[in-house]
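Below is one structure, written out as structure tokens; the observations come after it.
The chains referred to below are lettered A, B, ... by the order of the sequence lines, with proteins before strands, and numbering in each begins at 1.
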Amino acid sequence: MKRNVAIIGGGQTFHAARRHDVDQAEMVNEAVRAALNDARMTMDEIDLVILGNMEFFEGTHMTDCWLVHGTGAYGKQGLKITTGGTVGATAVVTAAHHVASGLFPRVLCIGFEKQEEGDTGAILSGVAHPLWGRSLAGAAVGYFAMMGSSYMAAWGATEEHSAMVAVKARQNARKNKYAHLKLDIGIEDVLNSRMLSWPIRMLDMCPASNGACAMILADEKTAKARCKKPVWIRAMDTAHNEQFELDWRDVKTTRPIFSRTCAKRIYRKLGVQKPSEYFDVFEVYEPATWSELVWYEDLGLCAPGEGFRLIEKGVTEIGGAIPVNPSGGVLSTNCIGASAMLRVWEAALQIRGDAGEHQVPKDVRRALTTAYGGTNWTVMTALSRTLDD
Amino acid sequence: MEEKHTTDTFEVDQRLTAHGTYWAGKMGTRFYTALRDQQKILGTPCTTCNKVFWPPRSICTFCFSELKDVVEIGPRGTVETFTLVTYTEPIHPRTAPFLYAVIKLDGADTGMAHFLDEVEIDKVHIGMRVQPVFAKDRKGNILDIQYFKPI
Amino acid sequence: MATKIQEPISIPMTVSVPYRFAAGSYLTKCLIGLRDHGTLFAVECPKCKRVQLPPRIVCATCHVRNERWVELGLEGTLVAFTIMYLPLTDPTTGKPHNPPFVYGTVRLDGATSVLDHFINVEPDLEKIRVGMRCRMILRPQAERIGDLSDILYFDPIPG
């Protein structure tokens, strides 16, 4: 990038299925104040506010307008982002681009969703083509179920492998005080949980969470002057599919292209040869267990068809050689508009060494995060501890 | 290059329906509980900005202070602006004609939009003094005030 | 941490939005073909040769105009499936599908794209597998309206 951009602070709410004690503005404000406190800043010092959530997922439109007291955006410049599951990451990228432009030295970005207030499934069916499958829309569960059946048929994985991902996520979440689903479960619990859409069981899916995340991004001068542990955004990339690139359910094809295209580009930008060695920790967007296994392969952490071997060998555990989602991931917390930002913020906490109980037990210098929107595109963000990395 | 398509075209009429529940939160709950149980209208003062907000909120829009107190405002107020709605749409809560007014309640610095009834249309004016008529069966929403009427 | 307040106030909301969707010329040709002739028409990209369903005017990969129409067969291969146990609502009718049922994604012979639909097989893992051959079963012509619901389901082909 022409100008360096750092994450100089951030914060999140305690994520939960019910937040009847706060309205949307009050909930968002919890994360904003946490981020300002973390950065030791006041709202007056913020030049621009980027807000992200999904239109109508909580029954409201134009949240940039009517949450203005919660976000602190009154009288400030800014805009609203709505890009599906990638919302939070797109908000970070947009904030970073504004900082990198040189026009806005200090930018606040926020992602939130109060999922219990709306009907996400009904609104999400609007993603499906009215004449080409909306009537058959199988919701997110159906999509990931087909990914699972294809994955097993193609590579010889079993339902135990996806259960291992479910267990890893919830056991990691138990170490993360902010996570929603902190479950002390084993493989049998997953396999005995309610079947939703074979091979997806209840514990193979993410929850519907309420919560918010906020981060403050700054230019190099501000970061060095104001922040003891800035985390640098080294590269960002976004890649889209075309609509109906449905071959992705056949995991053996080279489509969809979004994840591999994006990974290839971001690795080229950074000169990454072997991602599993270059990055010390990964935070990926996995709304369902099977998608984490596909991420391993699409990110090149292993060869195609070998993702389930990584989880089998424990390589991606907190203490493993390639830790993936030490926070518990989306499988443990899914407040959609915040989920992709939480990936970036959790990775930043790992680099700062501030992740607490879920801090990975090794030196973390670099991290890679992914996001996942409507299964049709991704946003990736690479972070580092120093500008030399 | 202009192209004309003369083949049959397909259009479908469909509908997207979503149900939800909005939670009023800390300040909203205090406001609606007082309205429902005591027929009191609450606002939030910001001592830094020397303003009293309606609707009540936990954060000052202007200075970003956290607000914890409430004060009773109104119930009487002054019409700041108004409109006579003369067309009917499904989204409207009433059939036309009806009057909407923005009313600044005594003690508040921001206005409340509500219905204006029991008034001759020709007599409505900015600056008109009005008072609320509370619903008998109150449910904890803004229609616990049925409408405002001239004093 | 969520702080408890007494009896939080809430209000129910329902939004119901009507819309009219226009298929456009390419999809119109495809849906009329389904309705009147009982077959699906796809388009082939002149450059990458992908046979795309639903048909679209431009290949998203090559950015060239798709002009060659390809009539697809009624048979294809199952590439993924699920046994759905949730009573999902058909968002276009508001009525629930009746679980458990099998639905899957089929690559029709001659197509690069795949198509999601119901698979007419018992929800029994012994009776369904990825790679299974299936045949598209349509409503009688008089009842077809030019919609994917004109396809009733895919029947497994024995063997």
Side-chain angles (χ1 to χ4, degrees), chain A residues 18-30 32-33 36-37 41-46 49 54-61 63 65-76 108 114-132 134-135 137 208 210, chain B residues 5 7-36 42-70 91 108-113 140-142:
Chain A
R18 300 278 173 267
R19 283 306 303 273
H20 297 171
D21 58 318
V22 285
D23 70 5
Q24 292 169 22
E26 289 163 349
M27 188 182 79
V28 164
N29 195 246
E30 290 177 4
V32 172
R33 283 189 195 279
L36 287 168
N37 288 342
M41 274 197 163
T42 65
M43 201 63 218
D44 293 337
E45 297 179 270
I46 300 295
V49 178
M54 278 302 287
E55 287 286 291
F56 223 74
F57 275 18
E58 42 272 295
T60 53
H61 276 308
T63 48
C65 173
W66 67 284
L67 300 186
V68 100
H69 54 294
T71 63
Y74 183 76
K76 293 189 189 294
L108 168 67
K114 204 157 181 237
Q115 273 216 65
E116 66 171 314
E117 301 200 356
D119 184 343
T120 305
I123 298 304
L124 203 53
S125 73
V127 170
H129 193 298
L131 284 166
W132 202 264
R134 186 171 294 182
S135 61
N210 301 310
Chain B
H5 294 278
T7 50
D8 295 338
T9 53
F10 248 88
E11 286 183 340
V12 287
D13 289 311
Q14 295 178 350
R15 180 174 279 280
L16 214 54
T17 302
H19 304 286
T21 305
Y22 181 82
W23 292 87
K26 289 182 197 138
M27 277 297 176
T29 291
R30 287 170 82 176
F31 170 77
Y32 286 116
T33 305
L35 180 64
R36 181 189 63 195
L42 302 181
T44 337
C46 175
T47 49
T48 311
C49 298
N50 200 23
K51 299 268 185 211
V52 175
F53 295 111
W54 188 90
R57 64 203 68 177
S58 301
I59 309 110
C60 175
T61 309
F62 305 135
C63 74
F64 206 61
S65 304
E66 287 186 272
L67 308 177
K68 305 218 184 272
D69 296 329
V70 289
I91 191 72
D109 289 290
T110 55
M112 173 196 285
N141 65 55
I142 199 62

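At a 4.5 Å heavy-atom cutoff, A/L67 makes no contact with chain B through either its backbone or its side chain. Contacts of A/T42 with chain B are absent, with no heavy-atom separation under 4.5 Å from either backbone or side chain.
Counted within 6.0 Å of NZ on B/K51, heavy atoms from surrounding residues, nucleotides or ligands total 12 or fewer; the atom is thus considered open. The number of heavy atoms from other shown groups lying within 6.0 Å of CG (B/N50) does not exceed 12.
Once rounded to the nearest 0.5 Å, the distance linking CE of A/M43 with SG of B/C60 reads 12.5 Å.
At a threshold of 4.5 Å between non-hydrogen side-chain atoms, the residues B/F64 and A/R33 count as touching. Contact check for A/D23 versus B/K26: no side-chain heavy atoms found under the 4.5 Å cut-off. Contact of the B/W23 side chain with the A/E116 side chain is registered, since non-hydrogen atoms from C-beta on lie closer than 4.5 Å.
In this structure, A/H69 and B/I59 approach most closely via the heavy-atom pair O-CG2, 3.2 Å. Taking both residues in full, the closest heavy atoms of A/I123 and B/A18 are given as CD1-CB, 3.6 Å, listed atom of the first, atom of the second, then distance.
Annotation: maximal heavy-atom pairing with chain A below 4.5 Å, among B/G28, B/C63, B/G20, occurs at B/G20.
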